[in-house]
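Report on one structure; see the data block that follows.
Sequence positions, counted from 1, serve as the residue numbers for this chain.
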Amino acid sequence: MAGRIIRGLGAAALAMAAGACASGSAPSNSGFLTTYEGLTPRTDVVRASVQQRRDEALASTITRLWVAPTEVFGVTDPILSDDDRRAVLSEVDRQVCYELSERFEIAEQPEPQAGTVRVGVTYIRPTHQAGSAAAAVANFFIPGPIKVRAPGGTGGLGAEAELLTPDGRQAAAIVWRRDAMVVGTDKPSLSRIGDAHQLAEPLGDMVGDALAPDDREVRPIPSPDPCERFGPRVRVEGILAGFATGLYEPGLSGGRPPADQEVDPVD
């Protein structure tokens, strides 16, 4: 039985290998950003579709910023429950805060002299749970970090983010979208938000790189940690669970949403 599953998934994955490195479709402008002028596609990114711009002079003037709570923008289908959407938004908040805190001072609330980072989740594709279960069985017999996923069963995440100066000018912006890969390191999940949740980490990496000036050195993690409200930076239990089961579990891998955080309405 396991052999048939492996052969079936392997054949389908090989058939899609030519497109396995791309995210599928390019991101479209949702209207979340204050301006899309000057955005250019990145050609050095193979697993995601990315457009970005940065005014180095403006970005360099910002050393302290407030990260506004992530919101859902332009997602017209209520494809997730309120709890699931809250979990995805909280994980995006967590990952973006962690990355930006290594390059900027993080304010706890808006300040007159601080910049602002706005993030809008513009695309959420649920993970197909049955396909993930089959992939988990097959991957149990495949050594190494590379995972094989069932074609058509992967989820995805898309977002737009911008860095604004204290007077509201856009200093940098990014439009990002990625679907989990059929062949790669993205773990299958029995949760409908498994892929969107784990893709929040590469999103945070890209936002940090896109918004920070080129000459801004990575700084040590501040103490106290300004992102502590989102939970620990590393969840050991999630890592261990992934090794043991081959599955990604959002509840063990993410942080914790603030007690007073509410779900933004679908635009």
I'd like to know if the side chain of [X] reaches the main chain of [Y], judged simply by a donor and an acceptor atom lying under 3.5 Å from each other, with no hydrogens or angles considered.
X    : Y    : result
N29  : G31  : no
Y123 : R178 : no
E160 : V121 : no

Self-check item: Side chain to side chain, L65 and E105, heavy atoms closer than 4.5 Å
Solution: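 No. Closest side-chain heavy atoms not under 4.5 Å.
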Quiz prompt | Residues forming a side-chain contact (heavy atoms from CB on, under 4.5 Å) with R42, sequence neighbours excluded | solution =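 side-chain contact (heavy atoms from CB on, under 4.5 Å) check on R42 returns D44, V45, V50, Q52, M206.
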Exercise. Please name all residues satisfying side-chain contact (heavy atoms from CB on, under 4.5 Å) with P213, sequence neighbours left out, ordered by chain then number.
Key: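 For P213, the residues satisfying side-chain contact (heavy atoms from CB on, under 4.5 Å) (neighbours in sequence not counted) are E56, A59, S60, F104, D215, R216.
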Practice problem: Please round to the nearest 0.5 Å and tell me the distance separating atom CD of Q170 and atom CG of L39. | Solution: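 Between atom CD of Q170 and atom CG of L39 there are 7.0 Å.
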Practice problem: Any disulfide bond (SG atoms under 2.5 Å apart) involving residues 193-232? Give me the pairs, sequence neighbours left out, ordered by first then second residue. | Solution: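 Found C97-C227.
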Exercise. For D225, enumerate each residue passing the salt bridge (Lys or Arg N to Asp or Glu O under 4.0 Å) test, keeping only those at least two apart in sequence or located in another chain.
Key: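 For D225, the residues satisfying salt bridge (Lys or Arg N to Asp or Glu O under 4.0 Å) (neighbours in sequence not counted) are R233.
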Self-check item: Pairs involving residues 206-225, ordered by first then second residue, that meet ring-ring contact (aromatic ring centres under 6.0 Å, His included) (sequence neighbours left out)
Solution: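 Listed by first then second residue: nothing to list.
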Quiz item: Given the rule in the salt bridge (charged side-chain N to carboxylate O under 4.0 Å, His left out) test, do E162 and R118 qualify, once you have shown the distances and angles that lead to the verdict?
Solution: CA-CA 5 Å; E162 63 183 355; R118 300 175 62 243; 2.5 Å; yes
Practice problem: Go through the steps to decide whether S81 and D83 satisfy the test side-chain hydrogen bond (donor to acceptor under 3.5 Å, both in side chains), and finish with yes or no. | Solution: CA-CA 5 Å; S81 68; D83 286 345; 5.4 Å; no
Quiz item: Of the non-hydrogen atoms in A87 and I193, which two are nearest, and what is the gap between them?
Solution: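 The answer is CB-CD1, 3.7 Å.
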Quiz item: F32: what forms a ring-ring contact (aromatic ring centres under 6.0 Å, His included) with it, not counting sequence neighbours?
Solution: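 Partners of F32 by the ring-ring contact (aromatic ring centres under 6.0 Å, His included) criterion, ordered by chain and then number, come out as F73.
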Quiz prompt | Salt bridge present between D209 and R103 (N-O < 4.0 angstrom) | solution =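 Yes, this pair counts.
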Self-check item: Polar side chain donor-acceptor pair, T154 to D195, under 3.5 angstrom
Solution: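 Per modelled atom types, T154 and D195 side chains form no pair under 3.5 Å.
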